2 protein chains.
Amino acid sequence: MIAVSSGRKLTKGEATRRAILIAAEQRFAEFGYDAARLEMIAEDVGIRQAGIFYYFPSKLELFQELTGSIHKDLLAFTQSRLSGATDPWERLMLLTEAWLDFMVARPSAARIILRSCANASSNDLYPEAYSSDVLSLLRGIIREGISSGRFTNVDSMYLVNLLSGSILHYVCNAEQLAEEHAYRPEDPVEVGTFKSILRKTARAVLEIDGR
Amino acid sequence: MIAVSSGRKLTKGEATRRAILIAAEQRFAEFGYDAARLEMIAEDVGIRQAGIFYYFPSKLELFQELTGSIHKDLLAFTQSRLSGATDPWERLMLLTEAWLDFMVARPSAARIILRSCANASSNDLYPEAYSSDVLSLLRGIIREGISSGRFTNVDSMYLVNLLSGSILHYVCNAEQLAEEHAYRPEDPVEVGTFKSILRKTARAVLEIDGR
DNA sequence: ATTATCTATAGATCTATAGATAATGC
DNA sequence: ATTATCTATAGATCTATAGATAATGC
(Lines give C-alpha, C1' and ligand atoms only; values in the text may rest on other atoms or scores of the structure.)
Protein backbone atom coordinates (compact mmCIF):
# COMPACT_ATOMS: atom_id res chain seq x y z
CA MET A 1 0.00 0.00 0.00
CA ILE A 2 2.92 2.31 0.68
CA ALA A 3 3.97 3.81 -2.61
CA VAL A 4 7.01 1.95 -3.88
CA SER A 5 7.49 4.19 -6.92
CA SER A 6 10.36 3.83 -9.35
CA GLY A 7 12.10 0.46 -9.25
CA ARG A 8 15.57 1.98 -9.25
CA LYS A 9 17.68 0.61 -6.45
CA LEU A 10 17.56 2.77 -3.36
CA THR A 11 20.64 4.35 -1.91
CA LYS A 12 21.26 3.49 1.72
CA GLY A 13 19.99 6.92 2.69
CA GLU A 14 16.75 6.57 0.76
CA ALA A 15 16.15 3.19 2.31
CA THR A 16 16.70 4.57 5.79
CA ARG A 17 14.40 7.50 5.14
CA ARG A 18 11.59 5.18 4.10
CA ALA A 19 12.23 2.86 6.99
CA ILE A 20 11.86 5.84 9.31
CA LEU A 21 8.51 6.74 7.78
CA ILE A 22 7.28 3.17 8.09
CA ALA A 23 8.39 2.86 11.69
CA ALA A 24 6.93 6.28 12.46
CA GLU A 25 3.57 5.21 11.05
CA GLN A 26 3.51 2.22 13.38
CA ARG A 27 4.62 4.09 16.44
CA PHE A 28 2.49 7.19 15.98
CA ALA A 29 -0.48 4.89 15.41
CA GLU A 30 0.28 2.82 18.48
CA PHE A 31 1.05 5.61 20.94
CA GLY A 32 -0.13 8.88 19.42
CA TYR A 33 2.06 11.80 18.50
CA ASP A 34 2.99 12.89 22.00
CA ALA A 35 3.62 9.53 23.58
CA ALA A 36 5.52 8.12 20.60
CA ARG A 37 9.26 8.46 21.14
CA LEU A 38 11.82 9.14 18.45
CA GLU A 39 13.91 6.62 20.34
CA MET A 40 11.39 3.85 19.51
CA ILE A 41 11.28 4.77 15.86
CA ALA A 42 15.05 4.84 15.61
CA GLU A 43 15.29 1.48 17.31
CA ASP A 44 12.85 -0.06 14.81
CA VAL A 45 15.00 1.26 12.00
CA GLY A 46 18.22 0.17 13.62
CA ILE A 47 19.82 3.57 14.08
CA ARG A 48 20.26 5.93 17.01
CA GLN A 49 17.68 8.56 17.86
CA ALA A 50 19.77 11.51 16.64
CA GLY A 51 20.10 9.85 13.25
CA ILE A 52 16.49 10.72 12.46
CA PHE A 53 17.42 14.40 12.32
CA TYR A 54 19.62 13.75 9.33
CA TYR A 55 16.41 13.04 7.38
CA PHE A 56 13.77 15.12 9.10
CA PRO A 57 14.20 18.56 10.66
CA SER A 58 11.88 17.84 13.59
CA LYS A 59 9.49 15.30 15.05
CA LEU A 60 6.58 17.46 13.95
CA GLU A 61 7.72 17.62 10.35
CA LEU A 62 8.26 13.88 10.28
CA PHE A 63 4.69 13.45 11.45
CA GLN A 64 3.34 15.94 8.97
CA GLU A 65 5.09 14.31 6.04
CA LEU A 66 3.68 10.99 7.18
CA THR A 67 0.08 12.17 7.48
CA GLY A 68 0.39 14.03 4.21
CA SER A 69 1.42 10.88 2.42
CA ILE A 70 -1.35 8.85 4.05
CA HIS A 71 -3.94 11.26 2.72
CA LYS A 72 -2.30 11.38 -0.67
CA ASP A 73 -2.31 7.58 -0.86
CA LEU A 74 -5.92 7.31 0.27
CA LEU A 75 -7.01 9.86 -2.30
CA ALA A 76 -5.12 8.16 -5.12
CA PHE A 77 -6.40 4.74 -4.12
CA THR A 78 -9.99 5.95 -3.96
CA GLN A 79 -9.78 7.78 -7.27
CA SER A 80 -8.40 4.73 -9.03
CA ARG A 81 -11.31 2.64 -7.75
CA LEU A 82 -13.82 5.22 -8.94
CA SER A 83 -12.43 5.62 -12.42
CA GLY A 84 -14.96 4.72 -15.05
CA ALA A 85 -18.01 4.61 -12.80
CA THR A 86 -20.57 7.33 -13.39
CA ASP A 87 -23.70 6.24 -11.52
CA PRO A 88 -23.78 8.04 -8.13
CA TRP A 89 -24.91 4.98 -6.22
CA GLU A 90 -22.23 2.83 -7.79
CA ARG A 91 -19.63 5.51 -7.12
CA LEU A 92 -20.73 5.80 -3.52
CA MET A 93 -20.37 2.05 -3.01
CA LEU A 94 -16.99 1.99 -4.74
CA LEU A 95 -15.78 4.82 -2.56
CA THR A 96 -17.02 3.20 0.64
CA GLU A 97 -15.42 -0.11 -0.21
CA ALA A 98 -12.20 1.62 -1.23
CA TRP A 99 -12.00 3.34 2.14
CA LEU A 100 -12.65 0.13 3.98
CA ASP A 101 -10.13 -1.82 1.92
CA PHE A 102 -7.53 0.88 2.39
CA MET A 103 -7.98 1.00 6.16
CA VAL A 104 -7.99 -2.77 6.50
CA ALA A 105 -4.79 -3.01 4.48
CA ARG A 106 -3.12 -0.22 6.41
CA PRO A 107 -4.52 -0.23 9.93
CA SER A 108 -1.81 2.03 11.27
CA ALA A 109 -3.02 4.72 8.88
CA ALA A 110 -6.58 4.16 10.06
CA ARG A 111 -5.53 4.60 13.66
CA ILE A 112 -3.65 7.80 12.90
CA ILE A 113 -6.71 9.16 11.12
CA LEU A 114 -8.94 8.14 14.01
CA ARG A 115 -6.60 9.96 16.39
CA SER A 116 -6.86 13.05 14.20
CA CYS A 117 -10.65 12.85 14.46
CA ALA A 118 -10.36 12.94 18.23
CA ASN A 119 -8.37 16.14 18.04
CA ALA A 120 -10.63 19.11 18.14
CA SER A 121 -10.29 22.02 15.75
CA SER A 122 -7.27 22.39 13.55
CA ASN A 123 -3.90 22.67 15.18
CA ASP A 124 -0.31 22.04 14.16
CA LEU A 125 -0.83 18.31 14.16
CA TYR A 126 -3.85 18.21 11.89
CA PRO A 127 -4.16 21.39 9.83
CA GLU A 128 -7.18 20.40 7.78
CA ALA A 129 -7.27 16.84 9.04
CA TYR A 130 -8.92 13.90 7.37
CA SER A 131 -11.01 16.42 5.56
CA SER A 132 -10.37 18.22 2.33
CA ASP A 133 -9.72 16.14 -0.77
CA VAL A 134 -11.01 12.76 0.26
CA LEU A 135 -14.10 14.08 1.96
CA SER A 136 -14.99 16.47 -0.81
CA LEU A 137 -14.94 13.50 -3.16
CA LEU A 138 -17.62 11.84 -1.04
CA ARG A 139 -19.61 15.04 -0.76
CA GLY A 140 -19.52 15.52 -4.50
CA ILE A 141 -20.93 12.06 -5.09
CA ILE A 142 -23.76 12.65 -2.64
CA ARG A 143 -24.51 16.01 -4.20
CA GLU A 144 -24.74 14.41 -7.66
CA GLY A 145 -26.98 11.66 -6.37
CA ILE A 146 -29.32 14.13 -4.78
CA SER A 147 -29.54 16.50 -7.71
CA SER A 148 -30.16 13.60 -10.11
CA GLY A 149 -33.02 12.45 -7.90
CA ARG A 150 -31.40 9.09 -7.12
CA PHE A 151 -30.83 9.94 -3.45
CA THR A 152 -33.16 11.53 -1.00
CA ASN A 153 -32.02 14.90 0.21
CA VAL A 154 -29.76 14.33 3.20
CA ASP A 155 -26.85 16.32 4.55
CA SER A 156 -23.64 14.56 3.54
CA MET A 157 -22.28 15.10 7.03
CA TYR A 158 -24.50 12.32 8.36
CA LEU A 159 -23.28 9.82 5.84
CA VAL A 160 -19.67 10.77 6.49
CA ASN A 161 -20.20 10.14 10.18
CA LEU A 162 -21.87 6.82 9.57
CA LEU A 163 -19.60 5.44 6.90
CA SER A 164 -16.18 6.78 7.68
CA GLY A 165 -16.76 6.78 11.42
CA SER A 166 -17.80 3.15 11.52
CA ILE A 167 -15.05 2.08 9.11
CA LEU A 168 -12.40 3.56 11.37
CA HIS A 169 -13.93 1.91 14.41
CA TYR A 170 -14.23 -1.41 12.65
CA VAL A 171 -10.51 -1.44 11.92
CA CYS A 172 -9.28 0.08 15.17
CA ASN A 173 -11.48 -1.50 17.80
CA ALA A 174 -11.19 -5.18 17.16
CA GLU A 175 -9.88 -6.03 20.61
CA GLN A 176 -12.17 -3.73 22.49
CA LEU A 177 -15.45 -4.43 20.80
CA ALA A 178 -15.34 -8.13 20.21
CA GLU A 179 -17.34 -10.10 22.69
CA GLU A 180 -14.93 -12.81 23.62
CA HIS A 181 -12.34 -13.36 20.96
CA ALA A 182 -11.16 -10.28 19.16
CA TYR A 183 -12.35 -10.49 15.57
CA ARG A 184 -9.79 -10.08 12.82
CA PRO A 185 -10.69 -6.98 10.80
CA GLU A 186 -8.61 -8.19 7.88
CA ASP A 187 -10.48 -11.50 7.57
CA PRO A 188 -12.07 -11.42 4.08
CA VAL A 189 -15.32 -12.94 5.35
CA GLU A 190 -15.58 -10.34 8.10
CA VAL A 191 -14.80 -7.54 5.63
CA GLY A 192 -17.40 -8.86 3.22
CA THR A 193 -20.08 -8.91 5.90
CA PHE A 194 -19.21 -5.42 6.97
CA LYS A 195 -19.35 -4.17 3.38
CA SER A 196 -22.85 -5.52 2.99
CA ILE A 197 -23.86 -3.82 6.22
CA LEU A 198 -22.42 -0.53 5.05
CA ARG A 199 -24.33 -0.96 1.81
CA LYS A 200 -27.59 -1.58 3.66
CA THR A 201 -26.90 1.45 5.77
CA ALA A 202 -26.28 3.78 2.88
CA ARG A 203 -29.27 2.43 1.03
CA ALA A 204 -31.54 3.03 4.01
CA VAL A 205 -30.27 6.51 4.68
CA LEU A 206 -30.45 7.59 1.05
CA GLU A 207 -33.74 5.73 0.55
CA ILE A 208 -32.52 3.84 -2.46
CA ASP A 209 -35.00 1.16 -3.48
CA GLY A 210 -33.98 -2.47 -3.65
CA ARG A 211 -31.05 -3.51 -5.78
CA MET B 1 -24.85 15.78 33.58
CA ILE B 2 -22.05 15.61 36.12
CA ALA B 3 -23.46 14.04 39.24
CA VAL B 4 -24.27 16.75 41.73
CA SER B 5 -25.26 14.30 44.47
CA SER B 6 -26.25 15.39 47.94
CA GLY B 7 -27.27 19.02 48.24
CA ARG B 8 -25.24 19.56 51.37
CA LYS B 9 -22.97 22.56 51.04
CA LEU B 10 -19.52 21.63 49.86
CA THR B 11 -16.44 22.35 51.89
CA LYS B 12 -13.86 24.42 50.09
CA GLY B 13 -11.82 21.31 49.54
CA GLU B 14 -14.68 19.33 48.03
CA ALA B 15 -15.46 22.21 45.71
CA THR B 16 -11.86 22.40 44.55
CA ARG B 17 -11.67 18.67 43.99
CA ARG B 18 -14.73 18.77 41.73
CA ALA B 19 -13.46 21.82 39.92
CA ILE B 20 -10.26 19.92 39.19
CA LEU B 21 -12.22 17.01 37.72
CA ILE B 22 -14.29 19.34 35.57
CA ALA B 23 -11.26 21.22 34.30
CA ALA B 24 -9.44 17.94 33.72
CA GLU B 25 -12.32 16.65 31.61
CA GLN B 26 -12.11 19.71 29.38
CA ARG B 27 -8.36 19.67 29.05
CA PHE B 28 -7.89 15.94 28.56
CA ALA B 29 -10.62 16.08 25.93
CA GLU B 30 -9.05 19.04 24.17
CA PHE B 31 -5.43 17.91 24.19
CA GLY B 32 -5.34 14.24 25.08
CA TYR B 33 -3.72 12.76 28.14
CA ASP B 34 -0.10 13.38 27.21
CA ALA B 35 -0.41 16.87 25.81
CA ALA B 36 -2.73 18.10 28.56
CA ARG B 37 -0.76 19.93 31.23
CA LEU B 38 -1.53 19.93 34.93
CA GLU B 39 -0.60 23.59 34.73
CA MET B 40 -3.62 24.27 32.46
CA ILE B 41 -5.99 22.39 34.71
CA ALA B 42 -4.75 24.22 37.79
CA GLU B 43 -5.09 27.54 36.02
CA ASP B 44 -8.71 26.78 35.12
CA VAL B 45 -9.41 26.00 38.74
CA GLY B 46 -7.55 29.03 40.02
CA ILE B 47 -4.83 27.25 41.98
CA ARG B 48 -1.19 26.45 41.33
CA GLN B 49 -0.11 23.25 39.63
CA ALA B 50 1.24 21.61 42.78
CA GLY B 51 -2.12 22.11 44.48
CA ILE B 52 -3.60 19.31 42.38
CA PHE B 53 -1.46 16.79 44.24
CA TYR B 54 -3.28 17.56 47.45
CA TYR B 55 -6.34 15.89 45.88
CA PHE B 56 -4.90 13.36 43.46
CA PRO B 57 -1.75 11.29 43.91
CA SER B 58 -0.74 11.53 40.25
CA LYS B 59 -1.81 12.77 36.84
CA LEU B 60 -2.62 9.19 35.84
CA GLU B 61 -4.90 8.60 38.80
CA LEU B 62 -6.69 11.88 38.18
CA PHE B 63 -7.31 10.72 34.64
CA GLN B 64 -8.45 7.29 35.73
CA GLU B 65 -10.89 8.66 38.26
CA LEU B 66 -12.28 10.93 35.57
CA THR B 67 -12.77 8.22 32.96
CA GLY B 68 -14.21 5.92 35.59
CA SER B 69 -16.84 8.47 36.47
CA ILE B 70 -17.65 9.15 32.84
CA HIS B 71 -18.40 5.48 32.29
CA LYS B 72 -20.35 5.25 35.51
CA ASP B 73 -22.46 8.25 34.49
CA LEU B 74 -23.05 6.92 30.99
CA LEU B 75 -24.12 3.56 32.34
CA ALA B 76 -26.49 5.07 34.90
CA PHE B 77 -27.94 7.46 32.34
CA THR B 78 -28.52 4.67 29.85
CA GLN B 79 -30.06 2.34 32.40
CA SER B 80 -32.48 5.00 33.58
CA ARG B 81 -33.64 5.56 30.01
CA LEU B 82 -34.16 1.84 29.49
CA SER B 83 -36.12 1.22 32.65
CA GLY B 84 -39.55 -0.12 31.92
CA ALA B 85 -39.02 -0.96 28.26
CA THR B 86 -39.00 -4.65 27.42
CA ASP B 87 -39.29 -4.84 23.65
CA PRO B 88 -35.79 -5.35 22.18
CA TRP B 89 -36.29 -2.91 19.34
CA GLU B 90 -37.64 -0.25 21.65
CA ARG B 91 -34.76 -0.87 24.08
CA LEU B 92 -32.24 -0.60 21.27
CA MET B 93 -33.66 2.73 20.17
CA LEU B 94 -33.79 4.02 23.74
CA LEU B 95 -30.17 3.01 24.27
CA THR B 96 -29.02 4.61 21.04
CA GLU B 97 -30.79 7.85 21.80
CA ALA B 98 -29.50 7.80 25.36
CA TRP B 99 -25.92 7.50 24.10
CA LEU B 100 -26.40 10.30 21.63
CA ASP B 101 -28.07 12.57 24.17
CA PHE B 102 -25.34 11.87 26.69
CA MET B 103 -22.55 12.64 24.24
CA VAL B 104 -24.25 15.77 22.96
CA ALA B 105 -24.75 17.04 26.50
CA ARG B 106 -21.19 16.22 27.50
CA PRO B 107 -19.00 16.53 24.42
CA SER B 108 -15.80 16.50 26.41
CA ALA B 109 -16.68 13.02 27.62
CA ALA B 110 -17.39 11.97 24.04
CA ARG B 111 -14.00 13.20 22.94
CA ILE B 112 -12.22 11.38 25.74
CA ILE B 113 -14.04 8.18 24.79
CA LEU B 114 -13.15 8.69 21.14
CA ARG B 115 -9.52 9.11 22.13
CA SER B 116 -9.70 5.88 24.07
CA CYS B 117 -11.01 4.14 20.95
CA ALA B 118 -7.95 5.32 19.06
CA ASN B 119 -5.70 3.72 21.63
CA ALA B 120 -4.93 0.19 20.67
CA SER B 121 -5.17 -2.66 23.13
CA SER B 122 -5.56 -2.01 26.81
CA ASN B 123 -2.89 -0.03 28.57
CA ASP B 124 -2.65 2.03 31.74
CA LEU B 125 -4.76 4.76 30.26
CA TYR B 126 -7.70 2.63 29.19
CA PRO B 127 -7.76 -0.70 31.07
CA GLU B 128 -10.94 -2.06 29.56
CA ALA B 129 -11.83 1.11 27.72
CA TYR B 130 -15.26 2.12 26.56
CA SER B 131 -16.13 -1.51 26.72
CA SER B 132 -17.47 -3.55 29.57
CA ASP B 133 -20.69 -2.46 31.20
CA VAL B 134 -22.12 -0.10 28.65
CA LEU B 135 -21.28 -2.28 25.68
CA SER B 136 -22.51 -5.46 27.25
CA LEU B 137 -25.83 -3.72 27.76
CA LEU B 138 -26.05 -3.16 24.02
CA ARG B 139 -24.91 -6.68 23.26
CA GLY B 140 -27.51 -8.10 25.59
CA ILE B 141 -30.29 -6.22 23.82
CA ILE B 142 -29.15 -7.44 20.43
CA ARG B 143 -28.90 -10.99 21.69
CA GLU B 144 -32.47 -10.82 23.02
CA GLY B 145 -33.74 -9.37 19.77
CA ILE B 146 -32.10 -12.12 17.77
CA SER B 147 -33.21 -14.98 19.96
CA SER B 148 -36.77 -13.67 19.98
CA GLY B 149 -36.73 -13.57 16.21
CA ARG B 150 -37.30 -9.83 16.03
CA PHE B 151 -33.81 -9.13 14.66
CA THR B 152 -31.97 -10.91 11.91
CA ASN B 153 -28.87 -12.68 13.10
CA VAL B 154 -26.02 -10.19 13.00
CA ASP B 155 -22.85 -9.89 15.05
CA SER B 156 -23.36 -7.11 17.58
CA MET B 157 -19.88 -5.84 16.81
CA TYR B 158 -21.11 -4.36 13.53
CA LEU B 159 -23.90 -2.44 15.18
CA VAL B 160 -21.57 -1.15 17.87
CA ASN B 161 -19.24 0.15 15.19
CA LEU B 162 -22.06 1.77 13.29
CA LEU B 163 -24.00 3.29 16.14
CA SER B 164 -21.42 4.21 18.73
CA GLY B 165 -18.75 5.01 16.17
CA SER B 166 -20.93 7.41 14.27
CA ILE B 167 -22.33 8.99 17.43
CA LEU B 168 -18.85 9.83 18.62
CA HIS B 169 -17.91 11.25 15.24
CA TYR B 170 -21.11 13.25 15.06
CA VAL B 171 -20.29 14.97 18.32
CA CYS B 172 -16.54 15.34 17.88
CA ASN B 173 -16.15 16.23 14.23
CA ALA B 174 -18.44 19.16 13.74
CA GLU B 175 -15.73 21.52 12.56
CA GLN B 176 -13.92 19.03 10.41
CA LEU B 177 -16.80 17.42 8.60
CA ALA B 178 -19.11 20.28 7.93
CA GLU B 179 -18.87 21.57 4.43
CA GLU B 180 -18.71 25.27 5.00
CA HIS B 181 -20.14 26.24 8.34
CA ALA B 182 -19.52 23.86 11.18
CA TYR B 183 -22.82 22.37 12.22
CA ARG B 184 -23.81 22.56 15.84
CA PRO B 185 -24.08 19.02 17.20
CA GLU B 186 -26.21 20.23 20.11
CA ASP B 187 -28.85 21.84 17.87
CA PRO B 188 -32.09 19.94 18.63
CA VAL B 189 -33.09 19.86 14.97
CA GLU B 190 -29.73 18.40 13.98
CA VAL B 191 -29.91 15.85 16.80
CA GLY B 192 -33.42 14.86 15.76
CA THR B 193 -32.36 14.31 12.16
CA PHE B 194 -29.40 12.26 13.24
CA LYS B 195 -31.58 10.13 15.52
CA SER B 196 -33.88 9.31 12.65
CA ILE B 197 -30.87 8.36 10.55
CA LEU B 198 -29.55 6.09 13.28
CA ARG B 199 -32.98 4.51 13.51
CA LYS B 200 -33.08 3.86 9.77
CA THR B 201 -29.63 2.40 9.99
CA ALA B 202 -30.42 0.01 12.79
CA ARG B 203 -33.67 -1.00 11.13
CA ALA B 204 -31.89 -1.78 7.86
CA VAL B 205 -29.09 -3.73 9.47
CA LEU B 206 -31.41 -5.75 11.70
CA GLU B 207 -33.97 -6.09 8.91
CA ILE B 208 -36.83 -4.82 11.00
CA ASP B 209 -39.90 -4.24 8.89
CA GLY B 210 -41.58 -0.84 8.73
CA ARG B 211 -42.67 0.84 11.93
C1' DA C 1 34.61 13.24 -1.34
C1' DT C 2 30.28 12.63 -0.02
C1' DT C 3 26.84 10.64 2.53
C1' DA C 4 25.31 8.48 6.63
C1' DT C 5 25.57 7.53 11.41
C1' DC C 6 27.36 7.96 16.17
C1' DT C 7 28.46 10.05 20.92
C1' DA C 8 27.73 13.41 24.07
C1' DT C 9 25.08 16.85 25.84
C1' DA C 10 22.49 21.43 26.02
C1' DG C 11 18.16 23.17 26.77
C1' DA C 12 13.48 22.87 27.54
C1' DT C 13 9.69 20.77 29.80
C1' DC C 14 6.75 18.53 33.07
C1' DT C 15 5.46 15.79 37.09
C1' DA C 16 5.90 15.32 41.70
C1' DT C 17 8.00 16.26 46.50
C1' DA C 18 9.19 19.02 50.65
C1' DG C 19 8.42 22.28 53.58
C1' DA C 20 6.40 26.81 54.61
C1' DT C 21 2.23 29.62 55.01
C1' DA C 22 -2.41 30.96 54.75
C1' DA C 23 -7.44 30.10 55.13
C1' DT C 24 -11.31 27.54 57.17
C1' DG C 25 -14.70 26.24 60.26
C1' DC C 26 -15.74 23.81 64.84
C1' DA D 1 -6.23 22.50 64.93
C1' DT D 2 -7.12 21.16 60.63
C1' DT D 3 -7.47 21.77 55.95
C1' DA D 4 -6.00 23.95 51.85
C1' DT D 5 -2.71 26.24 49.06
C1' DC D 6 1.81 28.24 47.89
C1' DT D 7 6.95 28.54 46.65
C1' DA D 8 10.89 26.38 45.26
C1' DT D 9 13.06 22.78 43.20
C1' DA D 10 14.62 17.82 42.45
C1' DG D 11 14.48 14.41 39.18
C1' DA D 12 13.19 12.46 35.04
C1' DT D 13 12.46 12.82 30.22
C1' DC D 14 12.72 14.07 25.47
C1' DT D 15 13.93 16.74 21.38
C1' DA D 16 17.42 18.68 18.96
C1' DT D 17 22.38 20.40 18.15
C1' DA D 18 27.47 20.00 17.54
C1' DG D 19 31.14 17.82 16.25
C1' DA D 20 33.52 13.41 15.46
C1' DT D 21 33.75 9.11 12.87
C1' DA D 22 32.50 5.54 9.84
C1' DA D 23 30.51 3.73 5.51
C1' DT D 24 29.37 4.32 0.61
C1' DG D 25 29.88 4.43 -4.12
C1' DC D 26 31.83 7.02 -8.23
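Every heavy atom of this structure was used, including side-chain atoms; hydrogens, water molecules and symmetry mates were not. Just so we're clear, the structure is a prediction, and the values are computed from it rather than from any experiment. Labels below follow one simple rule: chain letters A, B, ... track the order of the sequence lines, proteins then strands, and each chain is numbered from 1.
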Any ion pair linking Glu14(B) and Arg17(B) (charged N to carboxylate O, less than 4.0 Å)? no
DNA chain C: first to last nucleotide in contact with chain B (atom under 4.0 angstrom from a heavy atom), 5' to 3', is dC14(C) to dG25(C)
Look at the aromatic rings of Phe102(B) and Phe77(B) and report parallel, tilted or perpendicular, splitting at 30° and 60°. tilted
Main chain of Ala85(A), side chain of Arg91(A): is a donor-acceptor contact present, judged purely on distance under 3.5 Å? yes
Reckon Ala36(A) touches a base, only the sugar-phosphate, or nothing at all at heavy-atom distances under 4.0 Å? sugar-phosphate
Is the backbone of Val160(A) close enough, under 3.5 Å, to the side chain of Arg139(A) for a donor and an acceptor to pair up by distance? no
Tyr183(B) ring center near Tyr158(A) ring center (under 6.0 Å): no
Where do Gln49(B) and Arg37(B) land on the side-chain contact (heavy atoms from CB on, under 4.5 Å) test, with the steps shown first? CA-CA 9 Å; Gln49(B) 180 260 60; Arg37(B) 301 291 163 230; over 6 Å; no
What contact category does Ala15(A) fall into here, base, sugar-phosphate, or nothing, at under 4.0 angstrom with non-hydrogen atoms? nothing
Asp133(A) with Lys72(A): basic N within carboxylate O range, under 4.0 Å: no
Close approaches to DNA chain D from residues 42-55 of chain A, in residue order (heavy atom, under 4.0 Å): Gln49(A), Ala50(A), Phe53(A)
For the residue pair Phe194(A) and Tyr170(A), does the interplanar ring angle fall in the parallel (under 30°), tilted (30 to 60°) or perpendicular (over 60°) class? parallel
Salt bridge check, Glu25(A) against Arg106(A): does any charged N sit closer than 4.0 Å to a carboxylate O? yes
Report the residue (Thr16(A) or Leu38(B)) whose heavy-atom-nearest nucleotide on DNA chain C is the more 5′ of the two. Thr16(A)
Nucleotide-level pairing of DNA chain D, given in dot-bracket where Watson-Crick and G-U pairs need both distances under 3.5 Å and | marks other strands: ||||||||||||||||||||||||..
Does the Lys59(B) side chain pair with the main chain of Ala36(B), one donor and one acceptor, at a distance under 3.5 Å? yes
